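For the numbers below, each heavy atom of this structure counts, side chains included, while hydrogens, waters and symmetry mates do not. Given the structure is predicted, the values throughout are model-derived calculations rather than measurements.
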Amino acid sequence: MEHETAGDPVTRLLKAMGYSLRVNHKKLAGASHPRRDDQFRNITDLRERCAADNVPVISVDTRSHQ
């Protein structure tokens, strides 16, 4: 069963509730940590060792908000 709608009903409902569309702006990163490459090599090594041992890996990406 199909229903036709005029415009975007979700946008209209959100606007009626006081929400507005926002653009996600990418923020510029600060100075790189001097041992950043070492950190990523260590993470890669750990991930590969876990994969070889059939150990599940959970990846979490964190960012500080300033």
Can you list the residues that meet the side-chain contact (heavy atoms from CB on, under 4.5 Å) rule with [X], with sequence neighbours excluded?
X	answer
D8	V10, T11
T44	R47, E48
P9	T5, R12

For [X], which residues count as a salt bridge (Lys or Arg N to Asp or Glu O under 4.0 Å) partner, sequence neighbours excluded?
X	value
R36	none
D45	R49
R41	D38

By the rule that ILVMFWY residues connect when side-chain heavy atoms come within less than 4.5 angstrom, directly or transitively, which residues belong alongside [X]?
X	result
I58	V60
F40	none
V55	none

